[in-house]
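No experiment lies behind these values; they were computed from the predicted model shown. Both ligands and their constituent atoms are indexed starting at 1 by order of listing.
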Amino acid sequence: MVHFVGAGSGAPDLITVRGAKLLGEADVVIYAGSLVNPRLLSYCQESCEIHDSAKMTLEEVIEVIKEAEKQGKTTVRLHTGDSSIYGAVREQFDELIKLGIEYDVCPGVSSFCGAAAALRTEYTLPDVSQTVIITRAAGRTPVPDRESIQSLAAHQATMVLFLSTSLTEKLQAELLEGGYSADTPAAIVYKATWPDEKIFHCTVGTLHQTVTENGLYKTALIIVGGCMGEYYLRSKLYDPEFTTEFREGTR
Ligand code: SAH
């Protein structure tokens, strides 16, 4: 059995209770050493065999799992944040299906949630944006043309950019070209929920400068949109006049 487990965004106590339990029971753990906090490995049994996938190919990962299965062992594949976001898990699932190896998935706190917590912000504000676009700038990994930053920027929704801090010169130009004004608020969150977390507030117009001046090339998210500003309307849900399934409004 293989359990794909979301490690959370960094702080070791942000893994789910289920994820920690699965780590504690695993015979073999393959963790994404480039981003997973190694302190999470303290949940493992002493006898647990540990592999760092940062130095491995897909084939090597599958080989370790195959070997573990042969010996009747349980494997945890530990991914950073939640494995559904840039986790490269689908290709692993498909290999396991081919091999007839059973697997399941335990969700984790994605870094975009960790970043919102670090910023103490809400991505979906009434009259500002009711949509969160999760995307990345095209770099060595291409992005389909129909998902260009310009086209997504046209919505002026909240945008969270993964894997993009080394591409901000082009990114900034495309965000502006697409429709965000230069004074649209933005933020960069470096290592959200890690002890060395850092937050930088800027605007779309100063995004590239802020990233370069602070050397933020790795493990950072860029958040763009009016949700980082001052304006919003209060919610209907908690409006005294508004009737809900659970509460009678005054009007
Ligand atoms: N599955 C992960 C994302 C993996 S892609 C998740 O759900 O968060 C790797 C990218 O995620 C990094 O380049 C960075 O953009 C972002 N990232 C991961 N952890 C982060 C953190 N703690 N703080 C800020 N960004 C992070």
Please examine the side chains of His79 and Leu35, heavy atoms only from C-beta on, and report whether any two atoms are closer than 4.5 Å.
no
For ligand 1, is His79 a contact, meaning one of its heavy atoms is under 4.0 Å away?
no
Phe112 to ligand 1: N or O pair under 3.5 Å?
no
Parallel, tilted or perpendicular, as decided by the 30° and 60° cut-offs, for the rings of Tyr123 and Phe112
parallel
For residues Phe200 and Val189, determine if any side-chain heavy atom of one lies less than 4.5 Å from a side-chain heavy atom of the other.
no
Check this for me - ligand 1, Ala220, N or O atoms closer than 3.5 angstrom, yes or no?
yes
4.5 Å side-chain heavy-atom contact, Leu207 and Ile188
yes
Give the numbers and elements of all ligand 1 atoms closer than 4.0 Å to a heavy atom of Val189.
24 (C)
Taking N or O atoms only and a 3.5 Å limit, does Ile85 qualify as a polar contact for ligand 1?
yes
Among Ser34, Ser110, Gly8, the residue with a heavy atom nearest to atom 6 (C) of ligand 1 is Ser110
Polar-atom distance check: Asp82 versus ligand 1, any N or O pair below 3.5 Å?
yes
Indicate yes or no: does an N/O atom of Gly10 lie under 3.5 Å from an N/O atom of ligand 1?
no
So which bit of Leu35 gets within less than 4.0 Å of ligand 1, heavy atoms only: side chain, backbone, both or neither?
side chain
Would you call the rings of Phe4 and Phe93 parallel, tilted or perpendicular, where under 30° means parallel and over 60° means perpendicular?
perpendicular
Only heavy atoms of Ser9, strictly under 4.0 Å: list the atoms of ligand 1 that pass.
21 (C), 22 (N)
What I want to know is whether Tyr190 and ligand 1 share at least one N or O pair that is separated by under 3.5 angstrom.
no
